[in-house]
Amino acid sequence: MNKRIFLWILFFAALAALGFSGFRYYEIQQVYNSGSEAYNVVRDRAIYDGDASDRDEELGIPAKGIDWDELHAINENIIGWIYSPGTPIDYPIVAADDYSFYLSRLPDGTFNANGSIFLDFNHSPDFSDPISVIYGHHMRSGKMFGTLNAYRRQSFFENHSVMFLYTPERNYRVDLMYGFVVAEGQWRARAFVFPENISSLLTFAESNTTFESDVRWQEGDRILAMSTCEYDFDDARYVVLGILRY
């Protein structure tokens, strides 16, 4: 085989590989786009312009009409809605039975890489526990919890210092307190999801927070923790803690 033929073979092999990579990228983007569109459909079906109660107005909770019957027709385990103005975070929350099912399924059970925002199965679905942990994917598009790690910048926190949690029973303002990177193994080994370890969780969070907030936990406060993947190391997670105000 002469050198010219060999170079042509290499060229066409590289071209084929590039074409396959492009096709795979297109496929992946189509999956992500279908997931995003599915969430748009959910919003169109269940969210409407509502009136804020006097209590919500007092707490500065934006009026968001939510048709819970419509959401429960999609999935009876939809228990809440998390909203962060000015970011893509505007999603239903599902009560999970494990840590895996909703990683790759939309709230209606459809298989999709976007997954769902879901509550740790150790917690009560009405968010009445001293701590409630919700999980979501860190999508590079910024969707789901893809903007959560933006709290590594003080300026982002200052512009987005509160989130809002809506539930069938009541609505909450979430005053953000700490954001930190933690290894998944360390998170689980120290059992930070359980109320008896709140003190050690807060100590760890305060020592490792990526933004400074005036919000502090007091006895009786309920914590909402939002967790997503991070890329500092193999099993890194980024977690934001906030206090539920109601």
Side-chain angles (χ1 to χ4, degrees), residues 35 38-39 42 46 66 68 71-84 89-139 143-146 148-149 163-172 174 176-202 204-205 217 221-230 235-244 246:
Y39 279 110
V42 171
I66 299 179
W68 293 105
L71 287 177
H72 291 156
I74 296 170
N75 185 340
E76 62 182 8
N77 292 317
I78 293 177
I79 55 171
W81 194 283
I82 186 73
Y83 174 53
S84 175
I89 298 175
D90 188 17
Y91 296 105
I93 303 170
V94 184
D97 293 325
D98 56 36
Y99 290 121
S100 60
F101 185 84
Y102 285 109
L103 285 176
S104 56
R105 287 175 175 81
L106 301 176
D108 66 359
T110 303
F111 187 87
N112 189 278
N114 287 268
S116 299
I117 306 299
F118 64 94
L119 177 73
D120 191 298
F121 63 86
N122 291 289
H123 302 311
S124 298
D126 62 356
F127 298 93
S128 60
D129 289 340
I131 181 170
S132 300
V133 183
I134 57 176
Y135 304 95
H137 279 310
H138 181 169
M139 308 297 290
K143 299 298 178 66
M144 307 309 290
F145 274 173
L148 204 61
N149 74 335
M163 293 189 190
F164 302 96
L165 172 65
Y166 300 83
T167 77
E169 293 79 25
R170 64 177 56 176
N171 303 325
Y172 303 85
V174 186
L176 303 185
M177 181 169 47
Y178 302 120
F180 56 92
V181 177
V182 62
E184 181 182 12
Q186 185 178 19
W187 174 270
R188 298 204 184 283
R190 299 185 65 171
F192 282 147
V193 299
F194 297 112
E196 57 266 30
N197 296 318
I198 282 179
S199 180
S200 60
L201 169 61
L202 293 174
F204 180 90
W217 178 86
D221 284 344
R222 300 185 206 168
I223 294 173
L224 181 69
M226 292 157 281
S227 176
T228 193
C229 293
E230 189 54 300
D235 68 341
R237 298 291 182 270
Y238 188 74
V239 180
V240 173
L241 303 184
I243 301 296
L244 295 178
Y246 58 97

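When reading the values below, keep in mind they use all heavy atoms of this one structure, side chains included, and skip hydrogens, waters and symmetry mates.
- Counting all heavy atoms, side chain and backbone alike, Tyr238 lies closest to Asn149 at CD2-CA, 3.7 Å.
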Test log, rule side chain to side chain contact (heavy atoms under 4.5 Å, CB included), inputs Leu224 and Tyr172:
CA-CA 10 Å; Leu224 181 69; Tyr172 303 85; over 6 Å; no
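- In this structure, Arg105 forms a cation-pi arrangement with Phe101, its terminal cationic atom sitting closer than 6.0 Å to the ring centre and no more than 45° off the ring axis.
- Residues Asn122 and Phe194 have side chains in contact (heavy-atom distance under 4.5 Å, counting atoms from C-beta outward).
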Please tabulate, one pair per line, all N/O donor-acceptor pairs under 3.5 Å involving side-chain atoms of residues 131-139, not counting sequence neighbours.
| residue | atom | partner | partner atom | Å |
| --- | --- | --- | --- | --- |
| Tyr135 | OH | Asp120 | OD2 | 2.6 |
| His137 | NE2 | Leu103 | O | 2.5 |
| His138 | ND1 | Cys229 | O | 2.9 |

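- In this structure, Ser116 contributes its side chain and Phe118 its backbone to no donor-acceptor pair below 3.5 Å.
- When all heavy atoms of Asp235 and Gly185 are compared, the pair lying nearest together is OD2-N, 3.4 Å.
- In this structure, Tyr99 and Phe121 have side chains that are in contact, with non-hydrogen atoms separated by less than 4.5 Å.
- Residues Tyr102 and Ala96 share a closest heavy-atom pair of CD1-CB, 3.9 Å.
- The side-chain heavy atoms of Ile89 and Leu148, taken from C-beta on, include a pair separated by under 4.5 Å.
- Nearest heavy-atom pair, Leu106 versus Gly115, reported as atom, atom and distance to 0.1 Å: CD2-O, 3.7 Å.
- Checking each of Asp97, Val94, Ile93 against Asn77 for a side-chain contact (heavy atoms from CB on, under 4.5 Å) leaves exactly one that passes, namely Val94.
- For the pair Thr228/Val240, no side-chain contact is recorded, criterion being any heavy-atom separation below 4.5 Å from C-beta on.
- Here the straight-line distance linking atom CZ of Arg222 with atom CD1 of Ile198 works out to 11.5 Å at 0.5 Å rounding.
- Proximity of Leu241 to Leu176: side-chain heavy atoms (C-beta onward) are nowhere separated by under 4.5 Å.
- Annotation for Glu76: atom CD does not count as buried by contact number, only 12 or fewer foreign heavy atoms lying within 6.0 Å.
- Ile243 places a side-chain heavy atom less than 4.5 Å from the side chain of Met177.
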Using side chain to side chain contact (heavy atoms under 4.5 Å, CB included), reason through Glu169 and Phe127 one step at a time and then give a plain yes or no.
CA-CA 10 Å; Glu169 293 79 25; Phe127 298 93; over 6 Å; no
Check step by step if side-chain hydrogen bond (donor to acceptor under 3.5 Å, both in side chains) holds for Tyr39 and Asn112.
CA-CA 11 Å; Tyr39 279 110; Asn112 189 278; over 6 Å; no
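- Residues Leu201 and Phe180 form a side-chain contact, since some pair of their non-hydrogen atoms from C-beta on lies under 4.5 Å apart.
- To the nearest 0.5 Å, atom CE of residue Met226 and atom CG of residue Leu165 are 9.0 Å apart.
- Using bins of under 30°, 30° to 60° and over 60° for the plane-to-plane angle, the ring pair Phe192/Trp187 lands in the perpendicular bin.
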